[in-house]
Protein chains: 2
Amino acid sequence: MAAAAPPPAPTPAATSLPETATHRHPVFTRIRLAVPSDVPHIHKMTYQMAVFERLTHLFATTESSLTSTLFSPDNKPFHSFTVFILEVSSNPFTDTHFDNDPFYKPVTKTVHLELPLDDPEKETFRNQLGNEVFVAGFVLFSPNYSTFLAKPGFYVEDLFVRECYRRKGFGRMLLSAVAKQL
Amino acid sequence: MAAAAPPPAPTPAATSLPETATHRHPVFTRIRLAVPSDVPHIHKMTYQMAVFERLTHLFATTESSLTSTLFSPDNKPFHSFTVFILEVSSNPFTDTHFDNDPFYKPVTKTVHLELPLDDPEKETFRNQLGNEVFVAGFVLFSPNYSTFLAKPGFYVEDLFVRECYRRKGFGRMLLSAVAKQL
């Protein structure tokens, strides 16, 4: 009697799920310098930060006070306090509004998430300049200096990622963008 | 018998020591922006701070690294990290080296001390530009920003008064000079 044919080798596909099966929701992200038209979003995120920290009784910021202080002509990015904005989109970024910024070339990155994003406040945080682009967070930092190292650095004053975008590495992306300026 | 003449009224001088008797050692102080020729003094004070903080193993500053980072052309005083120098003298300040600083007019103040100052390191900290002028301390500060108040401020990174000048209000004078820039 002839020996039974050996069982077929397992197909590679059966040993593990392909990457695209577990992380099939691409999110396009962009980090760029804040501009005056971001002020309504910065204002709302700052208030959400005050809510998170239970410090709304200390919150005295208005859109107009933010505009006049964050964007005064003396404020050269990276040489005084500076704000980076994190934007997300389910489409690649096609707008070029920020590509010619003389101080900072925007950084884009595609992140693959396991679950689709659901932003309950997307209309509030829609960036009017982009196509389906939403503001997801910001970081505010200032130059500092170590006399022990004779080395300039940055002090991160505020780091904020909106609630529905947390635990996805976006805060780390904002901090990395700051660190890369050193 | 005629009544005895009343005793003479006590002279006002007898009721208390005049101010000049207890505080008869005037010290003339000046706070001004640091200039590159201050670097050897800043370097030595920074090292003394590291000794005080028991952190000399982290001290990696040289005069040349301080010069290139503290006084780069991009560093506009008050818009990036900034150093104020405190000088003292037993004579009024007569030099005019710093009077035309476009960013900061030096502030002088006379302080009356109970005891004369004895600076064991006066030759090390002598300012060559002045007449019997000695560097006594410094403060290094950077712009920061409160998003809750939409208000720029300063973060004081280092405040140092040399040992023989401590407990005389000089640290407070340096902090006040920073606060007055807000």
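The sequence lines fix the lettering, A, B, ..., with proteins before strands; numbering per chain opens at 1. Just so it is clear, the values below take in all heavy atoms, side chains as well, and ignore hydrogens, waters and symmetry mates.
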Between Ser142(A) and Asn144(B), is the side-chain hydrogen bond (donor to acceptor under 3.5 Å, both in side chains) condition met? List the steps. CA-CA 6 Å; Ser142(A) 307; Asn144(B) 71 358; over 6 Å; no

For Phe81(B) and Pro143(A), the nearest pair of non-hydrogen atoms, with its separation, is CD2-CB, 4.4 Å

Let me know if Tyr145(A) has heavy atoms under 4.5 Å from chain B in its side chain, its backbone, both or neither. both

Any donor-acceptor N or O pair under 3.5 Å, side chains Glu121(B), Gln48(B): yes

Taking side chain as C-beta onward, heavy atoms only, is Thr82(B) less than 4.5 Å from Leu33(B)? yes

For the pair Arg166(A) (side chain) and Val161(A) (backbone), establish whether a donor and an acceptor sit closer than 3.5 Å, ignoring hydrogens and angles. yes

Salt bridge flag under 4.0 Å for residues Asp38(B) and Lys44(B): no

From the list Asn75(B), Leu70(B), Leu149(B), the residue making the most non-hydrogen contacts under 4.5 Å with chain A is Leu70(B)

Residues 55-67 of chain A vs chain B, non-hydrogen distance cutoff under 4.5 Å, contacting residues -> Leu55(A), Leu58(A), Phe59(A), Ala60(A), Thr61(A), Ser65(A), Leu66(A)

With sequence neighbours left out, the residues meeting ring pair (Phe, Tyr, Trp, His ring centres under 6.0 Å) with Phe154(A) are Phe141(A)

